[in-house]
> 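This is the structure I want to talk about, given as structure tokens.
The shown structure was predicted, so the numbers you read here are calculated from the model rather than taken from an experiment.
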Amino acid sequence: MLSNRLRDKVAVVTGIGSGIGQGCALMFARHGARVLGCDIDASSAEHAVASARRENLPVQSLHPCDMSVPADAERLMGTAVERFGGIDILINAAAFGAFAWIEDMDYQHQWKRTLIGELDVVFVACKAAWPHFIKRGGGSIINFASANAHVALPGSPALAHCAGKGGVLAMTRQLAMEGAPHGIRANTISPALVVTSATQPVLDNVPGFRETVMEKLMIKRLGQPEDIGWCATFLASDESSWVTAADFRIDGGATAW
């Protein structure tokens with residue numbers, strides 16, 4: 001364990017099967033939190049739990065669990081309360097996005113599915129966790145917007161993704177306002193490109209894409225899940241008790257110019 005920064009806190013982390021979700025779940029546990037994760041992909045969730053077990057970290061998972069289904073979200077939050085007595089932290093890392101130019105984008109299976117996979121899943125999870133936060137006397141919600149909520153990346157067909165993440169950015173500000181009387185804080189992290197199982201094939205196989213991404217970065221390396229995990233740990237901890245409705249651009253400087 002790295003520290004006691006999150007000692008006695010219960011964290012629910014969606015999308016622990018890979019990438020940012022897995023990185024945050026492990027990071028939280030290293031700082032003393034008890035973590036209940038979920039993923040729609042049962043095998044990847046089991047792999048994440050196995051990784052935690054090798055470090056003797058308190059990470060459990062409920063899987064398969066589809067965060068676009070309200071009943072699954074309610075089951076997840078209820079399980080956290082049953083096992084650990086309440087919820088202090090909700091980190092919404094589960095997401096799906098389809099990437100296509102507008103002239104090629106299908107409405108039903110790409111546009112709508114992306115908005116469900118990037119915006120609806122955040123609402124559904126927050127809605128399910130809300131009464132548990134109120135009963136607990138507050139808590140911290142951490143949502144993921146994106147550098148694409150602020151800027152367009154040349155050469156990237158990210159129309160639906162930009163819309164979904166822009167929606168998360170705006171929705172989180174509103175959640176912060178509605179949650180403040182209950183002690184509920186809500187913030188966003190806006191990463192630039194982070195190397196995950198979803199982004200690695202694009203970086204490897206789309207000609208010129210890696211170079212375009214690197215050109216935008218002031219710090220000349222791609223992001224890693226741990227880069228996001230450190231920021232999320234701050235927002236989950238009591239160190240950020242006066243931080244709400246804020247957006248943290250963890251992006252190597254990509255959105256600064």
> Tell me the salt bridge (charged side-chain N to carboxylate O under 4.0 Å, His left out) pairs involving residues 47-58, sequence neighbours left out?
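Checked against salt bridge (charged side-chain N to carboxylate O under 4.0 Å, His left out) - neighbours excluded - the pairs reaching residues 47-58 are R30-E55.
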> With heavy-atom distances below 4.5 Å as the criterion, would you say the side chains of L203 and L193 are in contact?
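L203 vs L193: side chains touch.
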> Between I184 and I134, is any pair of side-chain heavy atoms under 4.5 Å apart?
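They are in side-chain contact.
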> Rounded to the nearest 0.5 Å, how far apart are NZ of K135 and CD1 of I87?
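The distance works out to 11.0 Å.
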> Has R34 got a side-chain atom pairing as donor or acceptor with P58's backbone, closer than 3.5 angstrom?
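The answer is no, because no donor-acceptor pair under 3.5 Å joins these two groups.
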> Compile the donor-acceptor pairs under 3.5 Å between side chains in residues 209-216 and protein atoms, sequence neighbours left out, one pair per line.
unit_1	atom_1	unit_2	atom_2	d
R210	NH2	D204	OD1	3.4
T212	OG1	G208	O	3.0
K216	NZ	W257	O	3.1

> Answer whether the closest heavy-atom distance between the side chains of L119 and V168 falls below 4.5 Å.
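SC-SC contact between L119 and V168 confirmed.
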> For V195 and Q200, what are the C-alpha separation, side-chain angles and deciding distance, and is it a side-chain contact (heavy atoms from CB on, under 4.5 Å)?
CA-CA 6 Å; V195 179; Q200 190 70 63; 3.0 Å; yes
> Judged by atom type as modelled, is there a donor-acceptor pair below 3.5 Å linking the side chain of N187 to the main-chain atoms of A246?
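Side chain of N187 to backbone of A246, a donor-acceptor pair under 3.5 Å: yes, one is there.
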> Between side-chain atoms of residues 221-232 and protein atoms elsewhere (two or more places apart, or another chain), which donor-acceptor pairs fall under 3.5 Å?
unit_1	atom_1	unit_2	atom_2	d
R221	NH1	D227	OD2	2.9
R221	NH2	D227	OD1	3.0
D227	OD2	Q224	N	2.8

> Can you list every pair that meets side chain to side chain donor-acceptor pair (under 3.5 Å) and has a residue in residues 81-100, with sequence neighbours left out?
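As it turns out, the side chain to side chain donor-acceptor pair (under 3.5 Å) pairs with a partner in residues 81-100, which skip direct neighbours, are Q60-R83, D88-R136, N92-N143.
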> Side chains of F144 and I91, heavy atoms from C-beta outward: is any pair under 4.5 Å?
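F144 vs I91: side chains touch.
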> Please check if any side-chain donor atom of D251 sits under 3.5 Å from a side-chain acceptor atom of H150, or the reverse.
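Their side chains do not contain a donor-acceptor pair, so the 3.5 Å distance test is not met.
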> side-chain hydrogen bond (donor to acceptor under 3.5 Å, both in side chains) with S18: which residues, sequence neighbours excluded?
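In terms of side-chain hydrogen bond (donor to acceptor under 3.5 Å, both in side chains), with neighbours along the sequence ignored, S18 is linked to no residue.
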> Can you list everything that forms a salt bridge (charged side-chain N to carboxylate O under 4.0 Å, His left out) with R7? Sequence neighbours excluded, please.
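Scan of R7 (salt bridge (charged side-chain N to carboxylate O under 4.0 Å, His left out), adjacent residues dropped) gives none.
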> Considering non-hydrogen atoms only, spot the tightest contact between T14 and L76 and give its length.
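For T14 versus L76, the nearest heavy atoms are CG2-CD2, 4.2 Å.
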> Using the six-membered ring wherever Trp is involved, compare the ring planes of F99 and H161 and label them parallel, tilted or perpendicular (cut-offs 30° and 60°).
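Rings of F99 and H161: tilted, as their planes differ by 30° to 60°.
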